[in-house]
Amino acid sequence: MKKIIFLALSFILIGMSMNAQSRYFDERYTYTHNYLYPVLVNPGATGSTGEHQVVFNYRNKWSGFEKSPKTFTFSYDGNVGNRLGFGALLLNDSYGDLGTTKGQLSFSYTIDSPTNKVGFGLSTEYIRHRLSGSAITNPFINIDDPVLLQRLDGNSFFDASFGVYGLYDNKISYGIAFPSLISSSINEDAPEGDSEFGFILNLGYKFESKENDIVAEPSIFIKQFMNVPLHIDLNIRLKFLDERLTGGVSYTIGADERLGFLIGTKVNTLNFYYGYNVSRHEFQQYNNGSHELTVAFNIASFDSKADEK
């Protein structure tokens, strides 16, 4: 345990000293369903469910507004050996004329005791930021601008992130992640700048009322991302009828003050969630709010199937 803590601290210190490249933004800011699936933002949660998990996530922010941000994510994670977890993630994000693609591989090591289960995870990520060709059709743009031409070719980065995610007494969930702790540009002519130190801190609790068949899970996520101001998500998730129905409310304070609602259902191994949120900012009057859809499949681990036989 001491060796793991020492390696984690070393990784964080190395990242703080090496991170000299400034990406445009950290794409993890887009999710609001990360309290349902923390593996989307924290590599320490890789394989934490004990099952093989496939997640599809789609988010349309500021729907109805031309070229509003849209994000597609595909994620897989599961146990691949004794205490070892493996995950893969693909992301495509469009924000006006700026497009971002990301490929990620994550690995975790889990320490399990009678009262506490905690995973330590690392992820390696390839990210590419690129302007679409339509950017040069704007009459106010100088098509000979070398910076613009360079952005059309795109800037690519290799990142590494670290995270810890745990569950205590099967009730208290906790975690901390350091996204893009190490970031290195692949392009020789990429602009350099001071990178912001980011983190994601979460804490949650699970209340169960067996008499009323209700499970309540309040949680908080504190997020500080690269080039994204600090914001705090306050969530409460309610599950009914043996967890087959789900409802929830979330409120974000900080950079983007918004109120969100969640509905969902579970049918065997299929999980379906839909979220809608509106912002308190003035720009809300120019769009129809934000929509987020998550579809997930949970498949029992191979070890579990072997035990059943």
Side-chain angles (χ1 to χ4, degrees), residues 26-61 69-80 84-94 100-108 110 117 119 121-127 159 161 163-167 173 175 177 179 200 202 204 217 219 221 223 225 233 235 237 239 243-248 250 260-277 290-302 304:
D26 194 304
E27 59 286 335
R28 293 172 183 83
Y29 85 95
T30 187
Y31 302 112
T32 61
H33 284 184
N34 51 252
Y35 72 98
L36 303 176
Y37 295 98
V39 71
L40 294 172
V41 297
N42 189 337
T46 303
S48 63
T49 64
E51 298 180 320
H52 296 274
Q53 181 174 253
V54 178
V55 179
F56 300 89
N57 179 276
Y58 167 73
R59 178 166 171 79
N60 182 2
K61 188 175 182 180
K70 300 178 181 64
T71 308
F72 297 85
T73 305
F74 168 81
S75 171
Y76 159 80
D77 73 291
N79 295 321
V80 295
L84 298 177
F86 169 77
L89 183 145
L90 295 174
L91 174 144
N92 182 70
D93 178 86
S94 61
T100 299
T101 56
K102 172 181 174 179
Q104 172 183 303
L105 296 177
S106 57
F107 306 87
S108 68
T110 299
K117 180 179 180 181
L122 296 174
S123 66
T124 58
E125 305 146 21
Y126 168 80
I127 302 99
D159 283 13
S161 302
V164 178
Y165 184 81
L167 184 64
S173 59
I200 307 166
N202 73 278
E217 296 179 351
S219 63
F221 276 75
K223 307 173 185 178
F225 294 118
D233 295 337
N235 316 291
R237 177 186 181 188
K239 295 185 283 188
E243 302 188 7
R244 289 193 294 269
L245 293 178
T246 295
S250 61
F261 303 92
L262 173 77
I263 58 173
T265 184
K266 177 181 179 181
V267 181
N268 297 324
T269 61
L270 172 65
N271 299 269
F272 176 89
Y273 300 100
Y274 167 75
Y276 175 78
N277 59 68
S290 301
H291 305 270
E292 188 165 359
L293 177 66
T294 301
V295 180
F297 301 88
N298 292 82
I299 305 171
S301 66
F302 300 118
S304 299

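- With rounding to the nearest 0.5 Å, the separation of NE2 in H291 from OH in Y274 is 4.5 Å.
- The aromatic rings of Y76 and F86 lie tilted to each other, with the angle between the two planes from 30° to 60°.
- A side-chain donor-acceptor contact under 3.5 Å links K117 to the backbone of S48.
- Residues E292 and T32 bring a donor and an acceptor atom of their side chains to less than 3.5 Å of each other.
- Distance check: H33 NE2 to L262 CG gives 5.0 Å after rounding to the nearest 0.5 Å.
- In this structure, OG1 in T265 is found 8.5 Å from CZ in R244, a value given to the nearest 0.5 Å.
- Formation of a donor-acceptor pair under 3.5 Å by the N202 side chain with backbone atoms of G175 is found in this model.
- The backbone N or O of T30 sits less than 3.5 Å from a side-chain atom of R59, completing a donor-acceptor pair.
- For the residue pair S123 and E125, a side-chain donor N or O sits within less than 3.5 Å of a side-chain acceptor on the partner.
- Between Y37 and Y273, the ring planes lie perpendicular to each other; the angle is over 60°, past the 30° to 60° tilted range.
- In this structure the side chain of E27 never reaches within 4.5 angstrom of the side chain of F225, judged on heavy atoms.
- I299 has its side chain out of reach of T269: every pair of non-hydrogen atoms, C-beta onward, lies at least 4.5 Å apart.
- Residue L89 comes nearest to S75 through the heavy atom pair CD1-CB, 4.1 Å, listed as atom of the first residue, atom of the second, then distance.
- Between D77 atom CG and E51 atom CD the span is 10.5 Å, to the nearest 0.5 Å.
- Residue T46 comes nearest to P43 through the heavy atom pair OG1-O, 2.8 Å, listed as atom of the first residue, atom of the second, then distance.
- Put simply, the residue from N57, T73, D233 that forms a side-chain hydrogen bond (donor to acceptor under 3.5 Å, both in side chains) with Y31 is T73.
- Separating the CG atom in L90 from the CZ atom in F72 is a distance of 13.5 Å, to the nearest 0.5 Å.
- The shortest side-chain heavy-atom distance between T294 and V55 falls under the 4.5 Å cut-off.
- Across G78 and H52, no two heavy atoms sit closer than the pair CA-ND1, 3.9 Å.
- The CG atom of N271 lies 13.0 Å from the CZ atom of F56; values are rounded to the nearest 0.5 Å.
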Before you tell me yes or no, could you show the steps for Y165 and S108 under side chain to side chain donor-acceptor pair (under 3.5 Å), namely the whole-Å CA-CA distance, both residues' side-chain angles and the distance that decides it to 0.1 Å? CA-CA 10 Å; Y165 184 81; S108 68; over 6 Å; no

May I have the step-by-step check of side chain to side chain contact (heavy atoms under 4.5 Å, CB included) for F297 and L270, ending in yes or no? CA-CA 5 Å; F297 301 88; L270 172 65; 3.6 Å; yes

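- When the options D159, D93, L91 are evaluated for a side-chain contact (heavy atoms from CB on, under 4.5 Å) with I127, the one that passes is D159.
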Output, in order, the C-alpha distance, side-chain angles, deciding distance and verdict of side chain to side chain contact (heavy atoms under 4.5 Å, CB included) for T246 and K266. CA-CA 8 Å; T246 295; K266 177 181 179 181; over 6 Å; no

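- No hydrogens or angles considered: nothing links the side chains of T101 and N92 as a donor-acceptor pair under 3.5 Å.
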